[in-house]
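Reviewing the structure listed below.
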Amino acid sequence: MRFKNILQIALATSILSLSSCNFLDVTPDNLPTVDNAFTRRSEAIKYLATCYSYLPNDGEPTQNVAYMGGDELWYDFPSVSITTTNWNIARGNQRVTDPYVNYWDGGFGAKSMFQAIRDCNIFLENVVDENKVRDLSIDERQSWLGEVEFLKAYYHFILLRHYGPIPITDASLPVNTPIEETQLKRAPVDDVVDFIVTLLDSAIEKLPQAVSAPVTDLGRITKPIAMAIKAKVLLYAASPLFNGNPDYATFVDKEGEVLFNPTYDNSKWTKAAEAAKEAIEMAHSLGVKLYEFPGTTFPISETTEIQMNVRNAVTEAWNSEIIWGNPNSRTWQMQYSSMAQIDPNSAGNNSVHGTMAPTIKIVEQFYTKNGVPIDEDKTLDFSNITLLRTATHDERYNLIENYQTARLHFDRENRFYASVGFDGGIWFMENTPSRSDEDTFKSMFRLGQLGSSSLVTVTTYYTKKLVNWKFAFKDGNSNHIEEYPFPMVRLADLYLMYAEALNESEGPSAAVYEYLDLIRKRAGLQGIQDSWSTYSLNPGKPNTKEGLRQIIQRERNIELCFEGSRFWDLRRWKLAAQELNKNITGWDRTQDKDHPALFYTVNTFFRQRFIAPRDYFWPIRESNLLVNPNLVQNPGW
């Protein structure tokens, strides 16, 4: 049976369905089922698929908290054509009675990671026994063990990221275990990190460098995936949220054990840098490289080619840059909720409901065409972002020629035009009617224009970057959506991790600039030092650790925009309290085509509320604290 098919049906058809009880409280008795599962390979692979089936569906915006819980995207209230239950997190409505996106117990689009870990433990304890699954080859047994060790580590990492200190569950408990021994307490953060990294190191030794059957097995865990996640775990451990955070200096368990080490340790950054470099070298040795658009069957401009480098690095399935794509993750809803009505000649144009709306603050974060922030560019004036300007012929690959739009949309870098759909912008697709990037699809979002129905997003911006360029409207009020596995890690992310960790451990260096500049070059920009020295009001910014830190953080926000990174980065950098207490703004979509000045009025839709340090971590559901007296609640909850 094809492994991908098994992954898709594992939860629905596996005979290994488990009780929804929290493993920390009760261990269900399913020993007869387990005994049967490890009699032969054909049965054991079903259990392997069950271990995989807990991977979060990060390509589903209603389930991925990074799309519903931060400040990158906003939605209509009440919602339109998309379930926004988890948007309550972004609106400051998280709760302890029944938390949103509850990875502890499972709920609101999240699966219980403790149940996932329990299944992984059962698998490992049985498959390590060579008297079981006798028809499994030595190499395959090792690979399977490595895969599940990775999954077990990754599920612990998900819990760490959400809750901070967590119970370490390293073995499945017998059904006759005394209840007091099942009531595990939370381990200190450093112990959890060490446990995860040790598991990943063990997995790395066992895993193959690549899958043996790419047609059916892409997405299964390999050595470069495990090495990349190890680097990410160590990056989190080195970041301000976890590394010497004074906000949690008094956070202790019931026995008085300190759960956060209050002492800052610079060597954590060194470990993260070393792990990232090793992961990069492994990826390079296997041919992983920054994606470059191969071109089309018809001529397009260099500008469009550069922008397709950015778009397809995310949406082209299994492209050269993808280190880990998640086959559990579907992207149909994401694309459907990101697409704009740009093709009036197709009946399917009316079938899309673009609802995922980038906010003005995210639009502003992209650089100018000179590769520096809009408030630092000494050659370009962005002091009035609402000022109307008419696009010229020379700007036709980015903006609609002779169309009036806001100053904010002019003179921006290619990653902006590749990532954001906006009023007055070009939206190039494979099925362009002109068979060119000249006179191609256009974005016009004022009332009375193309794409200006009531379904225009609340801010009037769209997440163009998340739409595969083969998306096509069809007759009969339908469309074709080219799905892709959600990119959990791509090479650009690794480059940015390495640059950040190296700058924090050693300060600015040629190596830091090198890996930042590789990403910028792909986007058509000059290097960091050249851009700042030539165009910035603060030319010395890249020369200090603090200045380069700000640049690296912005590079991550730009390069990984709309990929689920910013939500977690703001937390680990301890910048969430700064960024998530600002206004959510957009343009006035109620204004018609004849009043562009009124359309380009900044509207405030919401003022976010982020309470620090409480909101940096999820609450543990109140009922768990009653069942397990060894647990302590996160501060503020």
Side-chain angles (χ1 to χ4, degrees), residues 66 103 113 117 149-170 186-204 225-249 251-253 257-280 324 488-489 493-506 512 545 549 552-553 556 560 564-576 613 616-618 634-635:
Y103 278 111
M113 291 297 100
I117 293 165
E149 283 180 337
F150 169 88
L151 293 171
K152 177 179 172 179
Y154 190 69
Y155 298 147
H156 275 90
F157 173 57
I158 289 174
L159 289 167
L160 172 71
R161 195 167 60 172
H162 277 76
Y163 300 97
I166 57 168
I168 294 173
T169 53
D170 196 21
R186 303 174 74 173
V189 162
D190 285 351
D191 291 354
V192 178
V193 171
D194 289 344
F195 174 76
I196 294 171
V197 171
T198 299
L199 260 181
L200 289 172
D201 283 338
S202 180
I204 289 167
I225 293 172
M227 295 177 73
I229 294 302
K230 175 184 174 181
K232 181 161 287 193
V233 171
L234 289 171
L235 187 80
Y236 271 75
S239 297
L241 182 62
F242 293 104
N243 190 1
N245 186 349
D247 292 341
Y248 298 109
F251 184 22
V252 298
D253 68 8
E257 184 173 20
V258 176
L259 297 177
F260 277 80
N261 188 338
T263 304
Y264 172 79
D265 184 356
N266 192 66
S267 70
K268 292 181 178 180
W269 287 111
T270 302
K271 291 177 182 177
E274 291 171 348
K277 187 63 184 301
E278 290 172 0
I280 290 169
W324 184 17
M488 305 290 282
V489 182
D493 188 3
L494 258 185
Y495 284 178
L496 289 164
M497 285 193 278
Y498 179 55
E500 178 182 352
L502 195 60
N503 179 59
E504 294 296 336
S505 62
E506 301 177 4
V512 176
K545 177 188 287 190
R549 176 189 299 138
I552 291 169
Q553 289 175 352
R556 281 193 66 86
L560 302 177
S565 180
R566 177 179 169 87
F567 178 88
W568 297 110
D569 283 341
L570 289 181
R571 280 162 169 74
R572 69 179 179 85
W573 292 330
K574 284 190 67 180
L575 295 177
Y616 277 104
F617 291 110
W618 260 242
N634 275 328

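Just so you know, residue 1 is the first one in the sequence shown, and it goes up from there. Quick caveat, the model's predicted, so the values are computed rather than measured.
Ring planes of Y248 and F260: parallel class, angle under 30° (limits at 30 and 60°).
For D569 and R556, the salt-bridge test passes: some basic side-chain N is under 4.0 Å from an acidic carboxylate O. A salt bridge links K268 with D190: the distance from a Lys NZ or Arg NE/NH1/NH2 to an Asp or Glu carboxylate oxygen falls below 4.0 Å. Between E274 and K230 no salt bridge is recorded (no basic side-chain N to carboxylate O distance below 4.0 Å).
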* Full working for side-chain hydrogen bond (donor to acceptor under 3.5 Å, both in side chains) between Y264 and N266 -> CA-CA 7 Å; Y264 172 79; N266 192 66; 3.0 Å; yes

* Take R572 and N243 through the side-chain hydrogen bond (donor to acceptor under 3.5 Å, both in side chains) test and state the conclusion after the steps. => CA-CA 9 Å; R572 69 179 179 85; N243 190 1; over 6 Å; no

* side chain to side chain contact (heavy atoms under 4.5 Å, CB included) between E506 and V512: does it pass, once the steps are laid out? -> CA-CA 10 Å; E506 301 177 4; V512 176; over 6 Å; no

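Distance check, rounded to the nearest 0.5 Å: CG of L560 to CG of L496 gives 5.5 Å. Taking CG of D194 as the start and CD1 of I168 as the end, the distance is 8.5 Å to the nearest 0.5 Å. Separating the NE2 atom in H156 from the CE atom in M113 is a distance of 11.0 Å, to the nearest 0.5 Å.
When all heavy atoms of R186 and P165 are compared, the pair lying nearest together is NE-O, 2.6 Å. Annotation for P240 and W269: closest pair CD-CZ2, 4.3 Å, computed over non-hydrogen atoms. When all heavy atoms are compared, the tightest approach of E257 to P188 is OE2-CG, 3.4 Å. Nearest heavy atoms, I204 versus M227: CD1-CG, 3.7 Å. The two residues L160 and F617 come nearest to each other via the heavy atoms O-CE2, 4.0 Å.
A ring pair (Phe, Tyr, Trp, His ring centres under 6.0 Å) with H162 is found for exactly one of F157, W568, Y616, namely W568.
Residues W324 and Y154 place their aromatic rings such that the two centres sit under 6.0 Å apart.
Distance alone, capped at 3.5 Å, places no donor-acceptor pair between the D247 side chain and the P613 backbone. Here the side chain of S202 pairs no donor or acceptor atom with the backbone of L199 at under 3.5 angstrom.
Looking only at side-chain heavy atoms (C-beta outward), V189 and N261 stay at 4.5 Å or farther from each other. Looking at I225 and M488, their side chains never come closer than 4.5 Å, going by heavy atoms from C-beta outward. When side chains are defined from C-beta on, V192 does not count as touching L159, because their heavy atoms never get closer than 4.5 Å. Taking 4.5 Å as the limit, every side-chain heavy atom of K152 sits out of range of all side-chain heavy atoms of T169. The shortest side-chain heavy-atom distance between F150 and L200 falls under the 4.5 Å cut-off.
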